[in-house]
Visitor: 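Quick one: the structure is below, questions incoming.
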Amino acid sequence: MVLRTLMKAETKFKSRKLLKVFFFVLSLVILFFLLKSIGFDKLKDVFVKVGWKGAVILICCGFLENGSDALGLYFSLPKRKNFFYIFSSNCMGALTNYIIPWEVGELVKIGMIKNIAGSENSIKGVVLWNYVYKLSKGCAIFALVLLSLVFSFIMPDVSYQMDKFWLIAACSMLGFLPYFGMMVLIKSNISVKIVKLLKLLGKKNTDELVKKAENMDRDLKLFKKERPSDYKKTFWLQYFARHVSLLTFILCVYFAGFDSYAVSVLILLHCAINLGNYMSAFIPMKFGVGEGIGYIMFAFFGLSGEVGGLVTFILRVKAIIAMSLVSSLIFIPQKKEKNDKI
């Protein structure tokens, strides 16, 4: 009986693994045909226009964006140690999220950070960071939508459409839904409920886990009240990182030779693409989907969809290079924390 159960579990694990590989390969195929439809010659020309100087600037912007997010994670941890290790762990997790869907990278972050901070602290820190991130990203997108309107008055352009502004502004409100959803889960003591469910399912020795879960739920709920300075630092660093992302997007468009687009339109486009990526998070693919959203959004704004696909692809390459370089720091030997089991 036990052997049969183990065999079923192993078969299920292999099936999930094969499914992930299938979706990954499928996403690469979609990306290939999208770029083929745009034209590989155009893709080559765009990379030539960006050049090595433009590439270095974009990668440095990537370092700044990822570094700001990592510093936010650093301040969200109850016990802080070695920023550069956390920086590389954060990039490793973000890189995983770029390849594998459904926020698997957050588990990678926890797995890496626990080496220097312990399991309990790493879980708390990553959950808190994601909780604040849901709010800061929503606030940043809404603020950028308003900023696009300001730029449309400062530098008027016929391509800026008010109906698109109102539509993106309304959709940006949906960006707060994940934050409110996570807030409800935290206020309902979700950690304790999960542990109690494990107990009902037959897991032994859960009393200690219940105590740890109660402490975790308490820390999550009182983060803003008990550690207001860390909360503000985490929020504003994440907020700043979203503005760096906008700057990178605009620079990428101009470096690629499409400098005729108005800044106000590009800001609104950046928000629309972000919202599109947010709403497509349930799709079990990453490559190709983001480029497709860029293509669709540019076309929706009456611009060249090909430009949207090309720019989004360049930004993906930039992100992979920047995060891979920082992730390599993870291999520097670290003094490990005595691990607490959860």
Side-chain angles (χ1 to χ4, degrees), residues 61 65-66 68-69 72 94 97-98 101-103 129-157 159-186 224 231-232 234-253 261-283 286 289-303 305 307-309 311-312 315-316 319:
C61 287
E65 180 185 352
N66 296 324
S68 300
D69 277 331
N97 283 333
Y98 243 65
W102 301 322
E103 303 300 318
W129 185 90
N130 276 280
Y131 179 45
V132 179
Y133 178 78
K134 300 289 187 290
L135 176 62
S136 66
K137 185 170 184 176
C139 291
I141 290 176
F142 184 69
L144 291 175
V145 171
L146 296 180
L147 183 64
S148 75
L149 183 63
V150 173
F151 268 94
S152 72
F153 288 118
I154 296 173
M155 295 182 287
D157 192 279
S159 60
Y160 191 88
Q161 304 166 43
M162 285 304 298
D163 59 332
K164 300 290 191 300
F165 163 78
W166 289 114
L167 177 62
I168 302 303
C171 289
S172 68
M173 293 293 99
L174 298 175
F176 290 99
L177 290 179
Y179 168 73
F180 289 119
M182 198 166 180
M183 182 173 67
V184 169
L185 289 175
I186 288 174
K224 186 177 180 180
Y231 179 88
K232 290 175 183 176
T234 301
F235 176 89
W236 288 112
L237 283 164
Q238 292 174 343
Y239 185 86
F240 172 72
R242 306 292 73 77
H243 285 71
V244 175
S245 176
L246 168 66
L247 174 63
T248 310
F249 176 77
I250 293 173
L251 287 175
C252 184
V253 172
Y261 294 155
V263 173
S264 56
V265 177
L266 290 178
I267 296 173
L268 202 56
L269 259 172
H270 176 73
C271 295
I273 291 170
N274 268 279
L275 288 169
N277 286 324
Y278 223 27
M279 294 173 189
S280 66
F282 64 91
I283 299 175
K286 288 292 183 178
V289 175
E291 288 77 5
I293 290 171
Y295 189 104
I296 292 168
M297 290 303 176
F298 268 70
F300 177 68
F301 275 73
L303 305 174
V307 173
V311 168
T312 312
L315 289 173
R316 185 182 294 280

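For clarity, every value in this text was computed on a predicted model and none was experimentally measured. Only this structure's heavy atoms are used, side chains among them; waters, hydrogens and symmetry mates stay out.
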Visitor: For residues F240 and S68, report the shortest heavy-atom separation together with the two atoms involved.
Guide: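 That would be CD2-OG, 3.3 Å.
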Visitor: If you compare all heavy atoms of P178 against all heavy atoms of K134, which two are closest, and at what distance to 0.1 Å?
Guide: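 The pair with the smallest heavy-atom distance is CB-CD, 3.6 Å.
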Visitor: Going by the angle between their ring planes, with limits at 30° and 60°, are F249 and H270 parallel, tilted or perpendicular?
Guide: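 Rings of F249 and H270: tilted, 30 to 60°.
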Visitor: Under the side-chain contact (heavy atoms from CB on, under 4.5 Å) criterion, do L303 and V265 qualify, and how do the steps go?
Guide: CA-CA 10 Å; L303 305 174; V265 177; 4.0 Å; yes
Visitor: To the nearest 0.5 Å, what is the distance between SG on C271 and CG on L266?
Guide: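 C271 atom SG to L266 atom CG measures 11.0 Å (nearest 0.5 Å).
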Visitor: How close do R242 and L144 get, heavy atom to heavy atom, and via which atoms?
Guide: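 Where R242 meets L144 most closely, the heavy atoms are O-CD1, 4.4 Å.
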Visitor: I need the L268 CG to I168 CD1 distance, nearest 0.5 Å.
Guide: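 Nearest 0.5 Å value for the CG-CD1 distance: 5.5 Å.
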Visitor: Does the pair Y261 and V307 meet the rule for a side-chain contact (heavy atoms from CB on, under 4.5 Å), with working shown?
Guide: CA-CA 11 Å; Y261 294 155; V307 173; 3.7 Å; yes
Visitor: Decide yes or no on side-chain hydrogen bond (donor to acceptor under 3.5 Å, both in side chains) for Y160 and S148, but give the supporting numbers first.
Guide: CA-CA 9 Å; Y160 191 88; S148 75; 2.9 Å; yes
Visitor: Would the number of heavy atoms belonging to other residues, nucleotides or ligands and lying under 6.0 Å from NZ of K224 be above 12?
Guide: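 No, NZ of K224 has 12 or fewer neighbouring heavy atoms, counting only those of other groups under 6.0 Å.
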Visitor: Shortest non-hydrogen contact from W129 to D69?
Guide: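 What the structure gives for the nearest pair is NE1-O, 3.0 Å.
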Visitor: What's the spacing between I141 CD1 and L146 CG if we round to 0.5 Å?
Guide: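 Going from CD1 on I141 over to CG on L146, the span is 12.5 Å.
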Visitor: Please report the closest heavy-atom contact between A272 and F301, naming both atoms and the distance.
Guide: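 Scanning both residues, the minimum pair turns out to be CB-CE1, 4.0 Å.
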Visitor: Let me confirm one number: the CD1-CD1 distance from I273 to I293, rounded to the nearest 0.5 Å.
Guide: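 So the gap between those two atoms works out to 8.5 Å.
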Visitor: Pair K137, Q238 - check side-chain contact (heavy atoms from CB on, under 4.5 Å), show working.
Guide: CA-CA 7 Å; K137 185 170 184 176; Q238 292 174 343; over 6 Å; no
Visitor: Relative to each other, are the rings of F176 and F180 parallel, tilted or perpendicular (30° and 60° limits)?
Guide: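 Answer is tilted, since the angle falls between 30° and 60°.
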Visitor: Check the angle between the aromatic planes of Y239 and H243 and answer parallel, tilted or perpendicular using the 30° and 60° thresholds.
Guide: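 Tilted, since the angle between the ring planes falls between 30° and 60°.
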Visitor: For V263 and I154: C-alpha separation, side-chain torsions, deciding distance, then whether side-chain contact (heavy atoms from CB on, under 4.5 Å) applies.
Guide: CA-CA 10 Å; V263 173; I154 296 173; over 6 Å; no
Visitor: First locate atom CH2 of W236, then atom SG of C139, and finally report the distance between them rounded to the nearest 0.5 Å.
Guide: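 The SG atom of C139 is 8.0 Å from CH2 of W236, to the nearest 0.5 Å.
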Visitor: Taking all non-hydrogen atoms of both residues into account, name the closest pair between S264 and S152 and its distance.
Guide: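 Looking at all heavy atoms of both residues, the closest pair is CB-N, 3.7 Å.
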Visitor: In Å, rounded to the nearest 0.5 Å, how long is the span from OH of Y131 to OG1 of T234?
Guide: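 Interatomic distance, Y131 OH to T234 OG1, rounded to 0.5 Å: 13.0 Å.
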